[in-house]
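Scope of the values below: all heavy atoms of this structure, side chains included, with no hydrogens, waters or symmetry mates.
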Amino acid sequence: MSASLFRISHLTDFPYLCKKKYFMSLELSEQELFRRKSLEELQNAGINPYPADLFEVNVKSSEILANYPKDNNLYKNVSIAGRIMSRRIMGAASFVELQDSTGRIQLYIKRDDICQGEDTSFYNNVFKKMMDIGDIIGVTGFVFTTQMGEISIHVSDLKLLSKSLKPLPIVKEKDGVLFDAFSDPEQRYRQRYVDLIVNEGVKETFIKRTKIVQSMREFFNSKGYLEVETPILQAIPGGAAARPFITHHNALNIPLYLRVANELYLKRLIVGGFDGVYEFSKDFRNEGMDRTHNPEFTVMEIYVAYKDYKWMMDFTEQMIEKVAKDLHGTTMVRFGENDIEFKTPFARVTMIDAIKEHTGFDISGMDEDQIREVCTKLHIEAEPSMGKGKLIDEIFGAKCEQHYIQPTFIIDYPVEMSPLCKKHRLNPELTERFELFVNGKELANAYSELNDPIDQRERFQEQLKLSEKGDDEAMFIDQDFLRALEYGMPPTSGMGIGIDRLVMFMTNSNSIQDVLFFPQMRPEKKVVQTSDEDFMAIGVHEYWIQPIRKAGFNTLSALKEANINKLFNDLNGFRKKNKLDIPAMNLGELTDWISKI
RNA sequence: GAUUAUGUAGCUCAGCAGGUAGAGCACAUCCCUUUUAAGGAUGGGGUCCUGGGUUCGAAUCCCAGCAUGAUCACCA
């Protein structure tokens, strides 16, 4: 960063100018200006606010807090670094809360310990005046317990490692009650780094997220399955009924789609001879955003040869049980109002039975028109474009889904809504499919994979008909995938699980935005500004620039559109109100500037 | 996409039968050698989201827009 940024001339006589509003930068608050001033003073005092050399850290705050009570002889010589989160200055002694990656620990800083001899300027000026909450420091010292009983570090040496120029929101907590919490969702998500610094628990959620993925990976690897990567940019977005994002490849001059699923590629790899392949993948769907949907989201899909969906059910519940145990040490997990028991085995209910149970209608053997009639009776909107499978899905979604709070496998879906799934071995109207529901939401989806290439082609063609009826989520025909199947795919079972949702359940988060570091947001609006130099180029005096900006004119083009008389009044009003020691504006001068634009 | 709520200081929020913009924390100055959502005193800090309208006068009322949340629709 260029040093000139900090040597803004109008900062030199700071206290005086600070009172004169018209010199204050539009985008910097008073507190930010103070910090830039401190930064300059540090540099003048020969202290590099951003030193290059490493700082030797030999302990983390959490280790001290955990081990010191057991043995007070420990930690006679600690070296620790972190961010200043609070400061209590009591004359010649101060208390600082230092936050490192593992938590917070109190520092006790005594003037005569950190200063050499009679010269107290390091404490009185550098520490007290030029350092702020948010600065990153490194300290050495020894651990002791204060009279109040708090484990603290008695600091013998203190070094500034990074100066913070923006004030942090100060969140305080007493007896579990938060004060001044940094809670605005927009700011939390847009500035996740601030959220992570000041809000306890945010970091924990994301650490858990990583642990969940690690636990699953261990489970798959222990069985010898191979983690693979498949294309994100796809010419045909297959494997799921969803609206894709579309992009364009210049060199090939073709449209490419961001994947909505990785199913078809993973199955090609089973054709290629792997026993089991899995992928943690970002998928992209161009659909609505809400508490449970983000345009990009993470899915884990796994395909295992020579297995069926019954095997996969056992496999899935074992995997989830392991994740819960690895994360919480128990299979019982609190989610909102509910305690969810992830102990195997999970309940298993057929879709037909689920609908029978929650609606009273037995739809087995019904044709499309009969089911449409059931929808009408149940007051479920059914559009003409909906086929039999979609209609059944609507009924299930409207009347059944929400009842499955405890982990439940819904099995044996109608053939129309599962075009990539093998027909049921006992009933050709059904498929060998299950979805796992938790807390009324779909969490995982699995099949005995369809490996009959002729059947698969027909199913795709059914989808094509749906598409012609207006279902814009119906699948495309992937000819290469069909070709792969024609070479022969072993009987295979595949399963996909939404990682974001799993993380939500496992961390008691009720919004997907809380388990994504950077959830999708509308872009921040940028304020367009004409530079001071451009204003001066048309003859505007430097001291009038700020008043003009205050009057709401940040660009020359906006100034050109201005009502001159109103602007004239506003500017002189501003001058009078702020008692600015500058010549009054005259109308001719103003007109002259504007004529030059 | 629809409905609805919210948008005031760095943070959390008051204020609104229309009449000079408030609090706590943060910040600044001063005092204080061990405090615990930090002790005392003093002080600075606001395009009251934006643009229109009504009005002598709008943070406050009306309309439109923008942003965010919630609910619904779509979906995982």
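For residues 501-514 of chain A, proximity to RNA chain B is found at A/Arg501, A/Gln513, defined as any non-hydrogen atom under 4.0 angstrom from a strand atom.
Across all strands shown, A/Asn199 has no heavy atoms under 4.0 Å from either base or sugar-phosphate atoms. Residue-level contact check: A/Gly288 touches the bases, meaning some heavy atom is under 4.0 Å from a base atom. Contacts of A/Ser86 with the nucleic acid, taken as non-hydrogen atoms under 4.0 Å apart, include base atoms.
Rounded to the nearest Å, the gap between the C1' atom of B/G19 and that of B/C61 is 15 Å. Comparing B/U20 with B/A26, their P atoms are spaced 30 Å from each other, to the whole Å. Comparing the C1' positions of B/C32 and B/A58 gives an interatomic distance of 47 Å, to the nearest angstrom. Nucleotides B/G52 and B/U12 have their C1' atoms positioned 32 Å apart, rounded to a whole Å. Straight-line distance between the P atoms of B/C11 and B/G43: roughly 25 Å, to the nearest whole Å. Atom P of B/G1 sits at a distance of 32 Å from the matching atom of B/G10, rounded to the whole Å. Taking the C1' atoms as reference points, B/G18 lies 24 Å from B/G65, given to the whole Å. With both ends at atom C1', the span from B/A67 to B/G51 equals 15 Å, rounded to whole Å.
Searching all strands for a Watson-Crick or G-U wobble partner of B/G1 with both distances below 3.5 Å returns B/C72. The partner of B/A37 cannot be assigned: no Watson-Crick or G-U wobble pair with both contacts below 3.5 Å exists in any strand. The partner of B/C27, taking Watson-Crick or G-U wobble pairs whose two distances both stay under 3.5 Å, is B/G43. Partner assigned to B/G22 is B/C13, using Watson-Crick or G-U wobble distances below 3.5 angstrom. B/U6: Watson-Crick or G-U partner is B/A67, with both key distances under 3.5 Å. Across all strands shown, nothing is found opposite B/C48 as a Watson-Crick or G-U wobble partner with both distances under 3.5 Å. When Watson-Crick and G-U wobble pairs are counted only if both distances are under 3.5 Å, B/U60 pairs with no nucleotide at all.
Under the side chain to side chain contact (heavy atoms under 4.5 Å, CB included) criterion, A/Thr507 pairs with A/Thr205, A/Lys208, A/Val503, A/Ser509, A/Val515, sequence neighbours left out. For A/Arg83, there are no salt bridge (charged side-chain N to carboxylate O under 4.0 Å, His left out) partners, not counting sequence neighbours. When the side chain to side chain contact (heavy atoms under 4.5 Å, CB included) test is applied to A/Leu258, the partners found at least two apart in sequence or on another chain are A/Leu233, A/Phe245, A/Thr247, A/Phe284. Judged as a side-chain hydrogen bond (donor to acceptor under 3.5 Å, both in side chains), and not counting sequence neighbours, A/Ser156 has no contacts. For the side-chain hydrogen bond (donor to acceptor under 3.5 Å, both in side chains) test, residues two or more places apart in sequence or in another chain that qualify with A/Glu279 are A/Thr230, A/Arg259, A/Asn262. The side-chain hydrogen bond (donor to acceptor under 3.5 Å, both in side chains) test applied to A/Asn445 returns A/Arg433, not counting sequence neighbours. Contacts of A/Lys441 classified as salt bridge (charged side-chain N to carboxylate O under 4.0 Å, His left out), with partners at least two apart in sequence or in another chain: none.
Proximity note for A/Ile133 (side chain, C-beta onward) versus B/C13, B/G10, B/A26: the nearest is B/A26. Side-chain proximity of A/Gln31 to the nucleotides B/C74, B/A76, B/C27 is greatest for B/C27.
Whole-Å rounding puts the A/Arg291 CZ to B/A73 P distance at 12 Å. The nearest whole Å value for the distance from the CG atom in A/Asp184 to the C1' atom in B/U68 is 7 Å. For the pair A/Glu32 CD and B/A26 P, the interatomic distance rounds to 18 Å; values are reported in whole Å. What separates CG of A/Leu33 from C1' of B/G44 is a distance of 13 Å, to the nearest Å. Distance CZ (A/Arg35) to P (B/G10): 13 Å, rounded to an integer number of Å. Rounded to a whole Å, the CE atom of A/Met495 is 17 Å from the P atom of B/A76. For the pair A/Glu30 CD and B/U29 P, the interatomic distance rounds to 11 Å; values are reported in whole Å. Per the geometry, NZ belonging to A/Lys166 stands 10 Å off P belonging to B/C11, to the nearest Å.
A/Tyr123 and A/Ser94 are linked by a side-chain donor-acceptor pair at a separation below 3.5 angstrom, with hydrogens and angles left out of the test.
A stacked arrangement is assigned to A/Phe297 and the six-membered base ring of B/A76, with a centre-to-centre distance below 5.5 Å and an interplanar angle below 30°.
Other residues, nucleotides and ligands contribute at most 12 non-hydrogen atoms within 6.0 Å of the CD atom of A/Glu200.
Under the 4.5 Å side-chain criterion, counting only non-hydrogen atoms from C-beta, A/Phe122 is in contact with A/Ile114.
Contact of A/Asp180 with B/G24 (side chain to base): a donor-acceptor pair of N or O atoms is detected under 3.5 Å. Contact of A/Asp290 with B/C72 (side chain to base): no donor-acceptor pair of N or O atoms is detected under 3.5 Å.
In this model, the phosphate group of B/A67 is not approached by any side-chain N or O of A/Arg190 to a distance below 4.0 Å at OP1 or OP2. OP1 or OP2 of B/C11 lies within a sub-4.0 Å distance of a side-chain N or O belonging to A/Gln187. Put simply, A/Arg188 has no side-chain N or O that comes within less than 4.0 Å of OP1 or OP2 on B/U68.
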### Message
Using a 4.0 Å heavy-atom cut-off to protein, can you give one letter per nucleotide of nucleotides 31-37 of chain B, 5' to 3': B if the base is in contact, S if only the sugar-phosphate is, - if neither?
### Response
-BBBBBB
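In this structure, A/Asp290 contributes its side chain and A/Thr292 its backbone to a donor-acceptor pair below 3.5 Å.
For the pairing with A/Phe505, the ring pair (Phe, Tyr, Trp, His ring centres under 6.0 Å) check across A/Phe342, A/Phe335, A/Phe437 returns one residue only, A/Phe335.
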